[in-house]
Peer 1: 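Below are the structure tokens for one structure; questions will follow.
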Amino acid sequence: MNRTLYALCGADRSRPFSPHAWKTVLSLAHKGLDHDTKPVGFTQIPVIENAATKIVPLLRDGDRLVGDSFEIALYLEKTYPDRPSLFGGEGGKAIARFIESWSLMTLHTSLVRIILMDIHDGLDPIDQAYFRTSREVRFGTSLEAVAETGAEELRAFAGKLEPLRTMLKKQPFIGGDAPLFADYIVFGPLQWARITSRKRILEDGDPVKEWFERCLDLYDGVGRSVTAA
Ligand SMILES: N[C@@H](CCC(=O)N[C@@H](CS)C(=O)NCC(=O)O)C(=O)O
């Protein structure tokens, strides 16, 4: 196979957990494009593909290298126009940008506090040391101090999903009757939490949980190929 996705893993290299890489996994499946996954730990990223990137996902498609989950989705849309659309047109690309901003600013920022120590604990020792140093610089405090805010974040998390929940009472996917890249943008961080942490992020009966389960079922259940923590 000529298509390779570099995806971030912890000590268990069979459990890719990066929220952004999961967006790409579902994007590839949506287009019906198969790929091999190359698992990498945090400290391996800077050496892959001749130091092509400092972050993953990174997709090699033949002789093309594409990074960034949104850029990869745009690349797939342009390169494989005869496959099912990830955006449903130009307006869909623009709206997906809003979904990405909302997801990054609202979901990622909250979830990272909830699952921070679970991510850390699942890494190789060498990656644990890198993760601690880099994240403590980013947060300006210790991992433990950030994680202390996690319980309050978890209590508030369901409320942050209210716009999504209200919409999902009217339609099965963010894309309408069928999923689009916008669905995968929001799926990514929830899958990140599902794989790295045993904390219950979504409650039974919540339309968001029902939508998330539908996303896990997509494409022969590729999202379930990695079990919950
Ligand atoms: N905007 C990028 C973000 C990718 C990103 O932040 N990747 C993280 C893993 S989830 C990473 O590779 N981090 C490397 C590091 O922290 O050293 C995308 O959407 O793909």
Side-chain angles (χ1 to χ4, degrees), residues 3-13 15-30 35 37-61 64-77 86-87 93 95-140 143 146 180-197 201 223 226 229:
R3 204 172 290 112
T4 302
L5 177 64
Y6 294 91
L8 183 63
C9 294
D12 184 343
R13 294 294 202 252
R15 297 179 60 77
F17 63 75
S18 155
H20 307 289
W22 275 103
K23 297 179 203 172
T24 300
V25 170
L26 289 195
S27 299
L28 287 163
H30 183 109
H35 70 278
T37 300
K38 283 240 175 91
V40 287
F42 275 104
T43 52
Q44 293 175 310
I45 298 173
V47 298
I48 57 177
E49 293 284 358
N50 297 317
T53 184
K54 288 192 167 57
I55 56 173
V56 289
L58 181 69
L59 179 71
R60 169 164 288 288
D61 188 18
R64 292 290 308 271
L65 263 185
V66 194
D68 186 278
S69 55
F70 207 109
E71 290 305 317
I72 294 170
L74 292 173
Y75 163 80
L76 295 176
E77 190 75 344
L86 282 162
F87 295 99
K93 290 180 192 168
I95 291 167
R97 288 289 186 195
F98 166 75
I99 301 284
E100 184 189 50
S101 300
W102 173 74
S103 176
L104 288 172
M105 291 177 194
T106 307
L107 306 186
H108 285 248
T109 50
S110 181
L111 284 171
V112 73
R113 290 174 177 272
I114 296 170
I115 65 177
L116 191 70
M117 290 315 297
D118 298 313
I119 299 172
H120 171 270
D121 294 349
L123 300 176
D124 270 339
I126 187 170
D127 286 340
Q128 280 184 348
Y130 166 78
F131 186 77
R132 176 172 289 281
T133 306
S134 59
R135 270 49 182 181
E136 290 188 345
V137 168
R138 187 178 294 178
F139 285 108
L143 291 189
V146 178
L180 290 172
F181 184 57
D183 288 88
Y184 312 148
I185 291 173
V186 182
F187 172 82
L190 295 170
Q191 175 78 326
W192 178 38
R194 172 182 169 271
I195 291 171
T196 57
S197 174
I201 305 292
V226 179

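Counting starts at 1 for both ligands and their atoms, in listed order.
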Peer 1: Within this structure, what is the NZ-CZ distance for the pair K23 and F70, rounded to the nearest 0.5 Å?
Peer 2: 9.0 Å

Peer 1: Hey, could you give me the CD1/CG distance between I55 and D68, rounded to the nearest 0.5 Å?
Peer 2: 6.5 Å

Peer 1: Report the member of D68, V40, T24, V56 with the shortest heavy-atom distance to atom 4 (C) of ligand 1.
Peer 2: V56

Peer 1: Could you tell me whether some N/O pair between R138 and ligand 1 is separated by less than 3.5 angstrom?
Peer 2: no

Peer 1: Which atoms of ligand 1 are found less than 4.0 Å from any heavy atom of P57?
Peer 2: 20 (O)

Peer 1: May I ask you to list the atoms of ligand 1 that are less than 4.0 angstrom from any heavy atom of S69?
Peer 2: 18 (C), 19 (O), 20 (O)

Peer 1: Residue-level breakdown please: for R135 versus ligand 1, do any non-hydrogen atoms fall below 4.0 Å on the side chain, on the backbone, on both, or on neither?
Peer 2: side chain

Peer 1: For P19, take its heavy atoms, then give the atoms of ligand 1 lying under 4.0 Å from any of them.
Peer 2: 10 (S)

Peer 1: Check each atom of ligand 1 against the heavy atoms of Y130 and keep those under 4.0 Å away; list them by number with element.
Peer 2: 15 (C), 16 (O), 17 (O)

Peer 1: Out of all atoms in ligand 1, which are within 4.0 Å of some heavy atom of S18? Include the element for each.
Peer 2: 10 (S)

Peer 1: Between the main-chain N or O of L65 and the side-chain N or O of E49, is there a donor-acceptor pair closer than 3.5 Å?
Peer 2: no

Peer 1: Could you state the interatomic distance from CZ (R60) to OH (Y6), rounded to the nearest 0.5 Å?
Peer 2: 6.5 Å

Peer 1: Can you sort out the partners of Y184 under ring-ring contact (aromatic ring centres under 6.0 Å, His included), two or more places apart, ordered by chain and number?
Peer 2: H30

Peer 1: Going by heavy atoms, is S134 under 4.0 Å from ligand 1?
Peer 2: no

Peer 1: How many angstroms lie between CG in L26 and CD1 in I185, if you round to the nearest 0.5 Å?
Peer 2: 11.5 Å

Peer 1: Does ligand 1 have a heavy atom under 4.0 Å from the side chain of W192, from its backbone, from both, or from neither?
Peer 2: neither

Peer 1: Check the pair E71, R97 against salt bridge (charged side-chain N to carboxylate O under 4.0 Å, His left out), reporting the backbone distance first and the verdict last.
Peer 2: CA-CA 11 Å; E71 290 305 317; R97 288 289 186 195; 3.6 Å; yes

Peer 1: At less than 4.0 angstrom from any non-hydrogen atom of L8, what atoms of ligand 1 do you find?
Peer 2: 9 (C)

Peer 1: Is K54 close enough to touch ligand 1? Criterion: a residue heavy atom under 4.0 Å from a ligand atom.
Peer 2: yes

Peer 1: Which is closest to atom 13 (N) of ligand 1 by heavy-atom distance: I72, I55, L58, D127?
Peer 2: I55

Peer 1: At their closest point, which heavy atom of L76 faces which heavy atom of S27, and how far apart are they?
Peer 2: CD1-CB, 4.0 Å

Peer 1: Once you measure the plane-to-plane angle for F131 and F42, does it fall in the parallel (<30°), tilted (30-60°) or perpendicular (>60°) bin?
Peer 2: tilted

Peer 1: Which atoms of ligand 1 have any heavy atom of I45 under 4.0 Å away?
Peer 2: 12 (O), 14 (C)

